[in-house]
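Convention: sequence-line order gives letters A, B, ...; per-chain numbering from 1. In what follows, every heavy atom counts, from backbone to side chain, and hydrogens, waters and symmetry copies are set aside.
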2 protein chains.
Amino acid sequence: MSLSVVPTPGSNAERSRAYNRSLVLGHVRGAGASGRAEIARASGLSTQAVSNIIGELVAEGWLFEAGKRSEGRGLPAVQYALAPAAGTAIGVEVRPDALLVALTDLDGSSLATERHSLTRADPDTVAALIAQARDRALAQSGVDPARLLGAGVVMPGPFGATGLTGAASDLPGWAQMDARALFAEALDLPVIIENDANAAAMAERISGVAQGLHTYAYLYFGTGLGLGVVTRGELMRGAHGNAGEIGHIPVAHATGPVPLEQIVSRFALRARTGADSVDALQALHANADPNLMGWLDDAAPALANAVQIVENLFDPETVIIGGAMPEALLDALVARVVLAPASVANRPDRVQPRLMRGTCGRMTATFGAAALVINQAFTPRMASPA
Amino acid sequence: MSLSVVPTPGSNAERSRAYNRSLVLGHVRGAGASGRAEIARASGLSTQAVSNIIGELVAEGWLFEAGKRSEGRGLPAVQYALAPAAGTAIGVEVRPDALLVALTDLDGSSLATERHSLTRADPDTVAALIAQARDRALAQSGVDPARLLGAGVVMPGPFGATGLTGAASDLPGWAQMDARALFAEALDLPVIIENDANAAAMAERISGVAQGLHTYAYLYFGTGLGLGVVTRGELMRGAHGNAGEIGHIPVAHATGPVPLEQIVSRFALRARTGADSVDALQALHANADPNLMGWLDDAAPALANAVQIVENLFDPETVIIGGAMPEALLDALVARVVLAPASVANRPDRVQPRLMRGTCGRMTATFGAAALVINQAFTPRMASPA
DNA sequence: AGGATTAACTCAACTCAGTTGAATTAACAA
DNA sequence: TTGTTAATTCAACTGAGTTGAGTTAATCCT
């Protein structure tokens, strides 16, 4: 049973309703509790249309009445707020050696998490493990399975054979696999596949520092260094889902140009300090380990270079860095970066800092995988019929 | 009279129809003459809905019956093709010293062009000149003013005060100006403002080598070097319309890292050869001028570096180069570039070359300005009511 | 106070546009 | 010739947003 996916489907009454429902939910999410008339003005819909949609969303448990607000004259507006428990999503991060699974609500709050070491990472084994983890997470948190909107799965890129293939991050046996279909079947849920940096970027939008932003970039410390870019609320994926491979672009270094992730990445850090885990790095940083401090001195200018490239190419509202790194170390890195003046981001009217640390912590990508699903509920789009 | 623009408007019957009309026109444009049933299948709409829309588009002159096609059994499908003259657009390129204006049809074919030297480039003077040029172009080509869909205007970026402000490309007196509103008023037409590289990218999509592509990048030789990126058919603009400032990112050079456009740009070329015009450059190239050939040797690796960055960050189907340069020189440059193997674009299953020359010629940006308008007619989007 | 004004909200009738299912037409195949 | 297939149209239907009148509950003004 393959669903025939229409690339850009036409609009009809039913699809219009779905679109407008997302619009209303997105407004309430973005602006907080709102009244019918306010949403009508913001969307260009009639009050009546918004009223009907809100009635439906309240009946289904997505929204609830949250008091009244009186602004000057006139009948006070009844406010409607988002019910975080109205929807949940599964986030999965597949690494060559481990599987991370999280269950979150609409706020991106964690309801359950789980970690598995993988000895075999073949498709069928992974799919089965995810299905079991889903069942445990639901049982443990007491979440109604009917409220589960879907699953997001983060996998190491790049996807398909490319000039970057052969890195240690690749998963064996997945090359020609339609992972989305595999997981959708195993879980009996809608599934979204993404790379780690894109998922992390979305996590910050749902529950981190990128809330309210529409155009921003995220530098992600995974195995290497990834870049997730959100433009007008949409992830930039590229023609084959491989956009954002920033780790492989050359940057200036004492010994001549080297690939960025040869300096700015966890494996560069491990080569320099011997430390592998986030905790070990945290300890080294707390003790001002000379090797670690040396790395910081090296990484800061390379990162500045990367930020300048990202700013000039994408013109984002801000650049966020995060991933599997101690927060204090990321803060130290941000503090040490001297941002290039020759950048379109160097504006007098800035409201965001040019570079900031993400706040979603170590499991950003896993929560981000769930955030991909959550985000869909708030993003109006003409979707094909099931 | 300011039209209240709703950022993401809700959907209703009227807006659905506009959306579906664009969808049908876009299909016919992309796939060539098509039958009702074929479009219905591609769009997920019912045959009846498509039939009604086609009836309307034929009545309005957008489509015309173009024979029948019989595929095996069944009633032969009546084919409908796009009438290029159904819509026209004005393209304008504002440079500090000159004004270029073009009138094109839906194919992007030129119906009239005009060039003005500018002694004064203040907003009111420019707006008045454009309005006059519009009238002359319409009169000269005999185009019905009612068929004019709008005007696209290309202006030197970056927009707003940035760390790149102060370059020679800036226009004085425009800093705080709402250029779109100014031109819309002066021309009494919908107006789109864009930077040169983005417009050029769109020109190639309407009438050049990017026809049928959805995700690609365009390196544009203007004053400096610009980058236009199209993702899923949409231009990437960034938070302030300044995305694509690739000229300012550092690349490796014999003397250490230098901004890309210090090597790959027309002013680098002028500094090296003394030649300023496209014709002069063409002559030098025809004579294998040593300075010019030296520039090629320098520019090729820098361009290779830029292409590698663009490929890894955007994962485009292809990278196109073009702009105000002799075609033979661009071809020579493309031939000389050794593309980096460490790129997500280095795939065995490629259908496009990784790097190709644009085919829209010297006035790419001016035609591209018109193409921005044309493109809207074929791109379904929920648009706010006038 | 008490009436005027303002704004949110609801009701009911209406309209637009896409859908559905039956009927028609024209090509190909046995 | 006759049956099958596929495009197209017709007419009735349905879903969803719009419109305009009416209701309710605040604030403003006298």
Side-chain angles (χ1 to χ4, degrees), chain A residues 6 8-24 27-28 33-59 63 65-80 380 382-386, chain B residues 6 8-24 27-28 33-59 63 65-80 380 382-386:
Chain A
V6 177
T8 45
S11 171
N12 58 21
E14 189 185 341
R15 275 155 7 205
S16 282
R17 173 59 78 115
Y19 183 97
N20 290 340
R21 278 172 57 114
S22 286
L23 199 63
V24 170
H27 182 96
V28 174
S34 318
R36 295 166 168 79
E38 173 190 345
I39 299 173
R41 278 190 299 269
S43 64
L45 292 171
S46 63
T47 325
Q48 189 57 55
V50 173
S51 204
N52 294 338
I53 290 168
I54 286 189
E56 203 174 276
L57 292 173
V58 168
L63 297 180
E65 224 180 286
K68 305 184 183 207
R69 207 178 54 175
S70 163
E71 288 259 23
R73 293 189 188 184
L75 208 171
V78 181
Q79 304 295 106
Y80 290 89
M382 286 296 154
S384 49
Chain B
V6 177
T8 45
S11 171
N12 58 20
E14 187 185 344
R15 270 140 33 192
S16 282
R17 173 58 78 112
Y19 183 98
N20 290 340
R21 279 173 55 115
S22 286
L23 199 63
V24 169
H27 182 94
V28 174
S34 318
R36 296 165 167 83
E38 174 191 345
I39 298 173
R41 277 189 299 268
S43 64
L45 293 171
S46 63
T47 326
Q48 190 57 56
V50 172
S51 204
N52 294 340
I53 290 168
I54 285 189
E56 204 174 275
L57 292 173
V58 168
L63 297 179
E65 224 180 289
K68 304 183 181 208
R69 207 179 54 176
S70 162
E71 289 258 25
R73 294 191 187 183
L75 210 170
V78 180
Q79 304 296 105
Y80 291 88
M382 286 296 155
S384 49

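Closest non-hydrogen pair, Ser16(B) versus Ser11(B), comes out as OG-OG, 3.4 Å. Taking every heavy atom of both residues into account, Leu23(A) and Pro380(A) meet most closely at CD1-CG, 3.6 Å. Between Arg15(A) and Pro9(A), the shortest heavy-atom distance links the atoms NH2-CB, 4.0 Å. Residues Leu63(B) and Tyr80(B) come closest through the heavy atom pair CD1-CB, 4.3 Å.
Looking only at side-chain heavy atoms (C-beta outward), His27(A) and Ser43(A) stay at 4.5 Å or farther from each other.
For the side-chain contact (heavy atoms from CB on, under 4.5 Å) test, no residue two or more places apart in sequence or in another chain qualifies with Ala18(A).
Spacing between atom CZ of Arg41(A) and atom P of dG17(D) amounts to 19 Å, rounded to whole angstrom units. As rounded to whole Å, 12 Å separates atom P of dA7(D) from atom CD1 of Ile39(B). Distance CD1 (Ile53(B)) to P (dT8(D)): 14 Å, rounded to an integer number of Å. Going from atom CG of Leu45(A) over to atom P of dG15(D) covers 19 Å, rounded to whole Å.
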Side-chain donor-acceptor distances from residues 47-58 of chain B under 3.5 Å, at least two apart:
{"from": "Gln48(B)", "atom 1": "NE2", "to": "Asn52(B)", "atom 2": "OD1", "distance (Å)": "3.1"}
{"from": "Ser51(B)", "atom 1": "OG", "to": "Arg36(B)", "atom 2": "NE", "distance (Å)": "3.0"}
{"from": "Asn52(B)", "atom 1": "ND2", "to": "Gln48(B)", "atom 2": "O", "distance (Å)": "3.4"}
{"from": "Glu56(B)", "atom 1": "OE1", "to": "Arg17(B)", "atom 2": "NH1", "distance (Å)": "2.7"}
{"from": "Glu56(B)", "atom 1": "OE2", "to": "Arg17(B)", "atom 2": "NH1", "distance (Å)": "3.4"}
{"from": "Glu56(B)", "atom 1": "OE2", "to": "Arg21(B)", "atom 2": "NH1", "distance (Å)": "2.7"}

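The side chain of Asn12(B) contributes an N or O atom lying less than 4.0 Å from OP1 or OP2 of dT18(D).
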Using a cut-off of under 3.5 Å, enumerate the N/O to N/O pairs linking the protein to nucleotides 9-14 of chain D.
{"from": "dT9(D)", "atom 1": "OP1", "to": "Arg36(B)", "atom 2": "NH2", "distance (Å)": "3.3"}
{"from": "dT9(D)", "atom 1": "OP2", "to": "Arg36(B)", "atom 2": "NE", "distance (Å)": "2.9"}
{"from": "dT9(D)", "atom 1": "OP2", "to": "Ser51(B)", "atom 2": "OG", "distance (Å)": "2.4"}
{"from": "dC10(D)", "atom 1": "N4", "to": "Gln48(B)", "atom 2": "OE1", "distance (Å)": "2.5"}

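Residue pairs meeting the side chain to side chain donor-acceptor pair (under 3.5 Å) criterion with at least one partner in residues 65-77 of chain A, sequence neighbours excluded, are absent.
Remark: Leu45(A) CG to Ile39(A) CD1 distance equals 10.0 Å, nearest 0.5 Å. One finds the CE atom of Met382(B) at 3.0 Å from the CE atom of Met382(A) (value rounded to the nearest 0.5 Å). Between atom OH of residue Tyr19(B) and atom CG of residue Asn12(B) there is a gap of 14.0 Å, rounded to the nearest 0.5 Å.
Looking at heavy-atom distances under 4.0 Å, Asn20(A) makes contact with sugar-phosphate atoms alone, never a base.
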Quick tally for nucleotides 25-30 of chain D: nucleotides whose base has a protein heavy atom under 4.0 Å get B, sugar-phosphate-only ones S, the rest -, giving BBBS--

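A 4.0 Å heavy-atom criterion places the boundary nucleotides of DNA chain C facing chain B at dC16(C) to dA29(C), written 5' to 3'.
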